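None of the values given here were measured: they were computed from a predicted structure. Chain letters run A, B, ... following the sequence lines, proteins first, then strands; residues in each count from 1.
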Protein chains: 2
Amino acid sequence: MSVPKFAQIKEFILENIQSGEWQENDRVPSENELTSQFQVSRMTARRALSELTDAGILTRSQGQGTFVASFKSQSSLLEIKNIADEVKARNSNYSCTILVMESISAIAPIAIALGVEVDSHVYRSVIVHNENEQPLQVEERFVNPALAKDYLQQDFHSLTPHEYLSQTAPLTEARHTVEAIMPNQEMCEWLNLYNEEPCLQVIRRTWSTQGIVSFARLVSPGSKYRLGGHLTFKK
Amino acid sequence: MSVPKFAQIKEFILENIQSGEWQENDRVPSENELTSQFQVSRMTARRALSELTDAGILTRSQGQGTFVASFKSQSSLLEIKNIADEVKARNSNYSCTILVMESISAIAPIAIALGVEVDSHVYRSVIVHNENEQPLQVEERFVNPALAKDYLQQDFHSLTPHEYLSQTAPLTEARHTVEAIMPNQEMCEWLNLYNEEPCLQVIRRTWSTQGIVSFARLVSPGSKYRLGGHLTFKK
DNA sequence: ATAATTTCCTTGTATATACAAGATGAGTTG
DNA sequence: CAACTCATCTTGTATATACAAGGAAATTAT
């Protein structure tokens with residue numbers, strides 16, 4: 001069987017939506033109607049509807065029927081990729097410089113972000129990620145020692161901190177914020193910026209089941225780095 | 001039945017992953033093993049595995065088995081929401097000021113971005129979105145007249161351009177880039193910025209089946225606006 | 001010993017069937 | 001007229017069964 005039947009039904013439905021034939025909130029054929037239209041079993045028709053529902057393209061309501069989801073509910077998403085992979089994908093040379101690896105006493109904002117007590121010890125690393133030997137991103141990371149006690153012993157030339165942490169403490173959640181900032185003088189030096197320029201800053205906090213694992217600040221010059229996102233309608 | 005059997009199996013698998021019992025790339029029980037462990041039919045066990053696979057938590061390979069997906073493959077996503085909804089969700093007052101509604105002759109970069117011929121006519125609008133009467137975001141939008149010929153006749157106080165366009169020409173695809181920029185003087189005036197400050201700029205291009213519908217530039221002051229994202233492990 | 005075949009376990013597709021439960025409208029009853 | 005019941009449509013859960021197809025390892029043939 002070249003194209004599975006359930007996939008043919010999915011295509012049929014998607015074509016009707018994309019052509020504008022079926023508008024937002026319109027009703028789509030029920031499982032039984034598709035069953036007789038396509039001469040398949042109800043379970044096969046159901047599979048097509050269920051998968052499109054999981055993909056956010058349809059909504060279903062027991063007793064009422066299945067409907068075209070409103071586009072509004074389809075959020076536009078941006079992807080934050082691993083910087084090392086991204087550089088390698090561009091066929092550029094990736095390298096990194098480790099500036100700081102230390103254990104420090106947590107001041108209030110850092111302690112709060114990590115969910116530990118003020119003045120307790122936390123690990124801090126500062127790494128510059130380079131593309132073709134030019135600084136592309138500074139990663140300043142604070143790590144909860146309880147959840148990654150060997151953090152300072154790692155060699156982050158071969159494995160990024162994010163990769164190490166997700167192996168050590170299984171990650172269950174991550175939160176990000178993105179903002180535009182003006183770098184301070186220290187950051188300008190790290191990034192080799194002679195003229196001040198706006199930077200994109202991503203704050204990432206990661207959780208495991210045992211608590212907050214780490215808190216990272218990723219800063220890139222606006223002229224060299226941007227985030228990309230892509231949303232397609234069909235699966 | 002309070003909790004469906006397939007959901008119980010999903011929970012069982014998720015707990016084992018979150019506790020660290022099953023690590024990345026570890027093999028999880030096969031459909032047949034779950035069938036006998038939980039005393040369910042193969043189709044029920046299969047449903048649990050399939051749904052977790054669709055959610056990106058497991059990967060499956062015919063003949064080999066089912067495995068815990070690597071966290072790396074789980075992309076971190078940022079959501080770009082409708083600005084009006086976002087302001088209202090904060091219980092603030094939303095308003096907008098329409099600065100420009102015009103038909104212009106497309107210079108090269110705009111014509112290319114819209115996929116029309118250079119010097120052909122395109123629509124342009126500039127709208128300032130306010131939170132509590134303070135400018136929060138400037139939306140400059142170029143629209144392909146072939147796909148939304150009544151664009152200039154709309155009243156965008158009641159309906160945002162994005163909402164209007166997605167009703168008029170069913171959207172099938174969207175692409176975004178996010179970057180940090182320094183606003184030019186005109187933009188500073190629109191945003192009421194006395195001191196220059198970095199801004200977050202989102203470029204959004206939207207497609208319908210008939211071609212590129214519009215090209216928008218959304219600029220917000222870095223001090224007032226940020227993008228947020230959230231990634232949870234469990235469904 | 002190496003190569004080809006077979007066997008077995010895995011996931012993938014598809015059907016027929018059964019019952020549960022939500023929504024709706026028609027018809028009945030008060 | 002209002003309220004209730006019921007039939008019927010919808011989706012939701014669950015099972016048993018069948019065959020297809022990929023992958024790996026054991027077996028057999030060369």
Side-chain angles (χ1 to χ4, degrees), chain A residues 1-17 21-70 73 234-235, chain B residues 1-17 22-70 73-74 234-235:
Chain A
M1 175 165 308
S2 52
V3 177
K5 292 183 185 176
F6 77 91
Q8 290 178 29
I9 300 177
K10 284 174 73 172
E11 273 178 50
F12 166 76
I13 294 170
L14 282 168
E15 278 165 16
N16 275 283
I17 296 176
E21 188 71 21
W22 299 344
Q23 297 279 334
E24 287 183 16
N25 303 319
D26 278 2
R27 186 143 180 261
V28 308
S30 71
E31 294 175 1
N32 287 325
E33 287 163 349
L34 289 173
T35 292
S36 52
Q37 276 181 45
F38 283 86
Q39 291 289 299
V40 295
S41 73
R42 186 190 148 210
M43 293 308 286
T44 302
R46 176 175 182 71
R47 179 169 178 183
L49 293 174
S50 300
E51 292 191 2
L52 291 174
T53 302
D54 289 344
I57 293 169
L58 302 176
T59 61
R60 317 194 74 187
S61 162
Q62 193 170 350
Q64 281 189 282
T66 307
F67 306 85
V68 179
S70 50
S73 72
K234 74 164 65 176
K235 168 77 180 190
Chain B
M1 178 165 307
S2 53
V3 177
K5 292 183 183 176
F6 77 90
Q8 291 178 29
I9 300 177
K10 283 174 75 173
E11 272 179 51
F12 166 75
I13 294 170
L14 282 168
E15 279 166 15
N16 275 282
I17 296 175
W22 298 344
Q23 298 278 334
E24 286 181 18
N25 302 318
D26 278 3
R27 186 143 180 259
V28 309
S30 72
E31 294 175 2
N32 288 324
E33 287 163 350
L34 290 173
T35 293
S36 53
Q37 276 181 45
F38 283 86
Q39 290 289 300
V40 296
S41 74
R42 185 191 148 206
M43 293 308 288
T44 302
R46 176 177 181 71
R47 180 168 178 185
L49 293 174
S50 299
E51 292 191 3
L52 291 175
T53 302
D54 289 344
I57 292 170
L58 302 176
T59 61
R60 316 194 75 187
S61 164
Q62 195 171 351
Q64 282 190 282
T66 307
F67 306 85
V68 179
S70 51
S73 73
Q74 304 217 20
K234 73 164 66 176
K235 169 77 179 188

Discussion item. For A:Gly63 and B:Gln64, find the nucleotide of DNA chain C closest to each by heavy atoms; which residue's nucleotide sits nearer the 5' end?
Written reply: B:Gln64

Fill in: Protein-nucleotide distance (B:Lys10, atom NZ; D:dA14, atom P), rounded to Å
12 Å

Worksheet item: Is A:Ser30 near enough to D:dC9 that one of its side-chain N or O atoms lies under 4.0 angstrom from OP1 or OP2?
Response: no

Worksheet item: Toward the 5' end of DNA chain C, which comes first, A:Gln39 or B:Ser61, by nearest nucleotide?
Response: B:Ser61

Worksheet item: Out of C:dT17, D:dT11, C:dT10, which nucleotide sits closest to the side chain of A:Arg60?
Response: D:dT11

Worksheet item: Does any N or O in the side chain of B:Asp26 come within less than 3.5 Å of the main-chain N or O of B:Gln23, such that one atom is a donor and the other an acceptor?
Response: yes

Practice prompt. Could you tell me whether a side-chain N or O of A:Glu15 sits under 3.5 Å from a main-chain N or O of A:Phe12, the two making a donor and an acceptor?
Written response: no

Fill in: Salt-bridge criterion met for B:Arg60 and B:Glu31 (N-O under 4.0 Å)
yes

Worksheet item: How long is the line joining CG of B:Leu49 and C1' of C:dT11, in whole Å?
Response: 10 Å

Practice prompt. With side-chain hydrogen bond (donor to acceptor under 3.5 Å, both in side chains) as the test, would you mind laying out the steps for A:Ser50 and A:Thr53 before giving the verdict?
Written response: CA-CA 5 Å; A:Ser50 300; A:Thr53 302; 5.9 Å; no

Practice prompt. Measure from CG on B:Asp54 to C1' on C:dT11 and round the result to the nearest Å.
Written response: 14 Å

Worksheet entry | Closest to side chain of A:Arg27, choosing from C:dA23, D:dT13, D:dT10 | D:dT10

Fill in: Residue B:Arg46, side-chain heavy atoms: nucleotide from C:dT13, D:dT13, C:dA16 that is nearest
C:dT13

Item to complete: Would you indicate what A:Arg47 reaches in the nucleic acid, counting non-hydrogen atoms under 4.0 angstrom: base, sugar-phosphate, or nothing?
Response: sugar-phosphate

Discussion item. On the nucleotide C:dC9, are OP1 or OP2 found under 4.0 Å from the side-chain N or O atoms that B:Asn32 carries?
Written reply: no

Worksheet item: Is a donor on one side and an acceptor on the other found under 3.5 Å between the side chain of B:Gln39 and the backbone of B:Ser36?
Response: yes

Item to complete: Measure from CD on A:Glu51 to C1' on C:dG12 and round the result to the nearest Å.
Response: 11 Å

Item to complete: Measure from CE on B:Met43 to C1' on C:dT17 and round the result to the nearest Å.
Response: 13 Å

Practice prompt. Would you mind reading off the distance between A:Gln8 atom CD and C:dT13 atom P, rounded to a whole angstrom?
Written response: 12 Å

Discussion item. For D:dA14 and B:Thr44 - does any side-chain N or O of the residue sit under 4.0 Å from the phosphate oxygens OP1/OP2?
Written reply: no

Discussion item. Base of C:dG12, side chain of B:Arg42 - is there a donor-acceptor contact under 3.5 Å?
Written reply: yes

Practice prompt. From the options C:dT10, C:dT13, D:dT10, select the nucleotide whose nearest atom is closest to the side chain of B:Glu33.
Written response: C:dT10

Worksheet item: Going by modelled atom types, is there a donor-acceptor pair between the base of C:dA21 and the side chain of A:Gln62 at under 3.5 Å?
Response: yes

Worksheet item: Any side-chain N or O of B:Ser41 less than 4.0 Å from the OP1 or OP2 oxygen of D:dA14?
Response: no

